[in-house]
Amino acid sequence: MALKRFTRLLWVTSLGISLVTGQSIGQETEEAITYLTGTKSGTLPLNGATYTGTYQTFTSKITLATTSLPTSLGVLTANYTESSETVTTLTGSVTSSATTTTNGTASSTVSTPPRPTNTRPCNNYPELCERKYGNITEVGCHNSPFVRAGSAAANQQYNVTDQLNDGIRFLQGQIQFPVNGTQPHFCHTSCDLFDAGPITDWLGKVREWVSAHPYDVVTILLGNGNYSNPDLYVPWIERSGILQYIYTPPVIPMALDDWPTLAQMILTGQRVVMFLDYNANATAYPWLQDEFSAMWETPFDPLDDTFPCTVQRPPDLPEDQAKNRLYLMNHNLNAEVSLLGQSILVPAVSALNTTNAASGKGSLGMAAANCRDQWTRPPNVLNVDYYNYGDYPGSVFEVAARMNNVTFVKRPCCGSTSAGFRDIQGVGRGLGLGVVLGWSVWVLLG
């Protein structure tokens with residue numbers, strides 16, 4: 001009974017926060033809420049505290065046996081064969097030249113004819129095809145699986161298929177084993193707070209999208225919410241079928257220049273890059289890369305709308321090493337809410353249009369430019385909540401184009417609108433707070 005009351009309180013808090021901030025919420029009733037049993041899984045850092053577990057370090061690079069990559073390409077083409085499953089075959093051409101010497105005195109150079117210009121977009125732009133993975137900026141969906149109208153624990157409005165269709169190429173989510181569960185789920189901090197279902201379901205949808213889009217490279221960052229041995233996760237990742245597209249690095253750890261171009265990854269069919277933030281086993285599962293030996297992050301769960309571009313994880317990373325790794329810019333502003341003596345962080349939804357804007361104080365554009373100036377190169381990931389908000393829908397993609405130095409192509413964005421929900425906009429703060437406090441008493445005493 002106590003757990004049910006607590007879960008109801010979380011739902012009421014979510015509704016109240018939505019009302020206070022003027023967030024659009026769904027017309028839901030208590031009957032539509034799923035009550036979970038069990039207790040919180042794992043021990044997690046609270047309110048932005050940095051996890052103090054072991055960060056992996058490598059004294060030297062480990063060389064792996066991998067598929068050789070083409071050195072260059074002409075025009076990307078795809079041939080589709082209709083069968084029980086769609087089979088995609090990619091072809092490219094290799095540019096080469098040779099110099100021959102006659103009698104040791106005269107020489108001539110034989111070159112292939114000029115290759116045609118590729119117009120096929122890779123990750124939304126043709127210019128990115130022959131650019132290295134480590135030299136590209138993508139918009140990332142912070143907590144991609146957590147989609148639920150009216151929930152303070154949600155971070156996105158649209159599902160993962162919509163996210164990818166809109167141009168997202170970096171997906172992040174936290175995985176855990178629910179108490180007494182037999183397979184890992186996507187859970188936000190705790191499976192009691194927000195359980196988005198088995199990871200196989202979500203990964204299966206990503207696999208389906210990747211299969212249907214042969215010119216795109218998608219990155220998945222899995223948060224190890226239980227800090228579990230990856231042996232427990234791998235069978236379920238395999239079951240999703242996504243490993244047929246997985247990228248296996250040639251060396252561990254990967255430095256910036258070690259990454260291939262998008263075209264090379266596309267031509268070899270290795271179009272899904274996967275990281276695990278903690279407890280990765282690079283020798284057993286080299287495709288499940290340790291995040292923090294290849295990438296660093298700015299402060300996560302940020303409360304500061306100036307978004308300092310400093311290294312938070314891994315801690316104490318020397319500057320020269322930071323400059324030789326990928327980096328992720330956390331730009332998902334949070335608000336701290338105190339309720340019944342407990343402090344929780346929730347997305348600052350009332351500030352989303354500013355936070356995700358292309359320019360202005362506190363904007364994504366401002367923060368990305370500051371990072372670029374400070375580190376002499378743009379962030380590789382712009383990790384945001386509710387990517388569809390901004391100074392116009394999808395303005396986050398304009399920022400990514402600016403960081404990639406390509407001409408921004410504006411297209412319709414974002415997702416689809418469900419007719420099954422009624423939007424409530426612009427509710428006053430006084431009413432919202434009254435709903436929170438009044439209903440909280442009802443939940444606790446009821």
Side-chain angles (χ1 to χ4, degrees), residues 10 14 34 36 38-55 140-148 151-157 159-160 163 168 170-179 181-206 218-234 236-237 240 242 272-280 285 288-292 295-302 312-314 328 330-332 334 344-347 381 383-387:
L10 287 174
S14 300
T34 300
L36 304 173
T39 57
K40 179 178 176 179
S41 304
T43 301
L44 301 170
L46 299 176
N47 296 341
T50 304
Y51 173 62
T52 56
T54 302
Y55 289 85
C141 268
H142 173 239
N143 285 337
S144 163
F146 304 124
V147 178
R148 181 183 295 163
S151 173
N155 296 92
Q156 303 298 334
Q157 181 169 338
N159 64 41
V160 69
Q163 293 167 16
I168 296 293
F170 184 97
L171 305 165
Q172 180 265 333
Q174 186 183 91
I175 56 177
Q176 297 184 31
F177 278 89
V179 173
T182 59
Q183 61 176 298
H185 286 211
F186 280 105
C187 293
H188 194 307
T189 305
S190 162
C191 292
D192 291 338
L193 175 60
F194 197 143
D195 187 338
I199 68 170
T200 48
D201 295 349
W202 184 89
L203 287 173
K205 292 176 182 176
V206 176
V218 175
T219 302
I220 300 171
L221 169 58
L222 298 176
N224 189 349
N226 290 124
Y227 308 118
S228 299
N229 188 310
D231 291 347
L232 300 175
Y233 298 134
V234 167
W236 302 100
I237 298 174
S240 73
I242 203 166
V272 174
V273 180
M274 191 173 292
F275 294 101
L276 185 67
D277 61 355
Y278 295 108
N279 297 349
Y285 312 108
L288 187 58
Q289 300 181 62
D290 172 57
E291 178 194 2
F292 293 117
M295 180 190 308
W296 58 267
E297 292 190 18
T298 65
F300 71 103
D301 286 344
Q312 185 189 61
R313 295 184 297 168
L328 180 152
N330 285 303
H331 196 81
N332 45 294
N334 288 264
I344 60 174
L345 295 179
V346 297
V381 182
N383 209 28
V384 301
D385 286 332
Y386 295 99
Y387 69 91

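Heavy-atom basis, side chains included; hydrogens, waters and symmetry copies ignored.
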Are the side chain of [X] and the backbone N or O of [Y] linked by a donor-acceptor pair below 3.5 Å?
{"X": "Gln312", "Y": "Phe300", "value": "yes"}
{"X": "Glu291", "Y": "Leu276", "value": "no"}
{"X": "Gln174", "Y": "Asn143", "value": "no"}
{"X": "Asn224", "Y": "Asp277", "value": "no"}
{"X": "Gln163", "Y": "Ser144", "value": "yes"}

Do the side chains of [Y] and [X] get nearer than 4.5 Å, heavy atoms only?
{"X": "Val272", "Y": "Val206", "value": "no"}
{"X": "Cys141", "Y": "Val384", "value": "no"}
{"X": "Val381", "Y": "Gln172", "value": "no"}
{"X": "Cys187", "Y": "Leu193", "value": "no"}

To the nearest 0.5 Å, tell me how far [X] [atom1] sits from [Y] [atom2].
{"X": "Tyr278", "Y": "Asn226", "atom1": "OH", "atom2": "CG", "answer": "14.0 Å"}
{"X": "Trp296", "Y": "Tyr55", "atom1": "CH2", "atom2": "OH", "answer": "14.0 Å"}
{"X": "Ser228", "Y": "Tyr233", "atom1": "OG", "atom2": "OH", "answer": "3.5 Å"}
{"X": "Leu221", "Y": "Leu328", "atom1": "CG", "atom2": "CG", "answer": "7.0 Å"}
{"X": "Ile237", "Y": "Ile175", "atom1": "CD1", "atom2": "CD1", "answer": "5.5 Å"}
{"X": "Gln176", "Y": "Thr189", "atom1": "CD", "atom2": "OG1", "answer": "7.5 Å"}

How close do [X] and [Y] get, heavy atom to heavy atom, and via which atoms?
{"X": "His185", "Y": "Ile199", "result": "C-CG2, 3.7 Å"}
{"X": "Ala154", "Y": "Tyr386", "result": "O-OH, 3.3 Å"}
{"X": "Ala196", "Y": "Pro145", "result": "CB-O, 3.6 Å"}
{"X": "Leu288", "Y": "Pro230", "result": "CD2-CB, 4.1 Å"}
{"X": "Val160", "Y": "Leu171", "result": "CG2-CD1, 3.8 Å"}
{"X": "Pro178", "Y": "Asp195", "result": "CG-OD2, 4.2 Å"}

message = Is the distance between the ring centroids of Phe275 and Phe292 under 6.0 Å?
response =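 No - the distance between ring centres of Phe292 and Phe275 does not fall below the 6.0 Å cut-off.
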task = Compute whether any side-chain donor of one residue and acceptor of the other, for Tyr285 and Asp231, lie under 3.5 angstrom apart.
result =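 Yes, because at least one side-chain N or O of Tyr285 sits under 3.5 Å from a partner of the opposite role on Asp231.
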request  = Examine the side chains of Asp385 and His142 and answer whether a donor and an acceptor come within less than 3.5 Å of each other.
outcome  =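 Indeed, the side chains of Asp385 and His142 share at least one donor-acceptor pair under 3.5 Å.
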ask   = Angle class for the Phe186/Phe146 ring planes (parallel below 30°, perpendicular above 60°, tilted otherwise)?
value =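 Correct class here is perpendicular.
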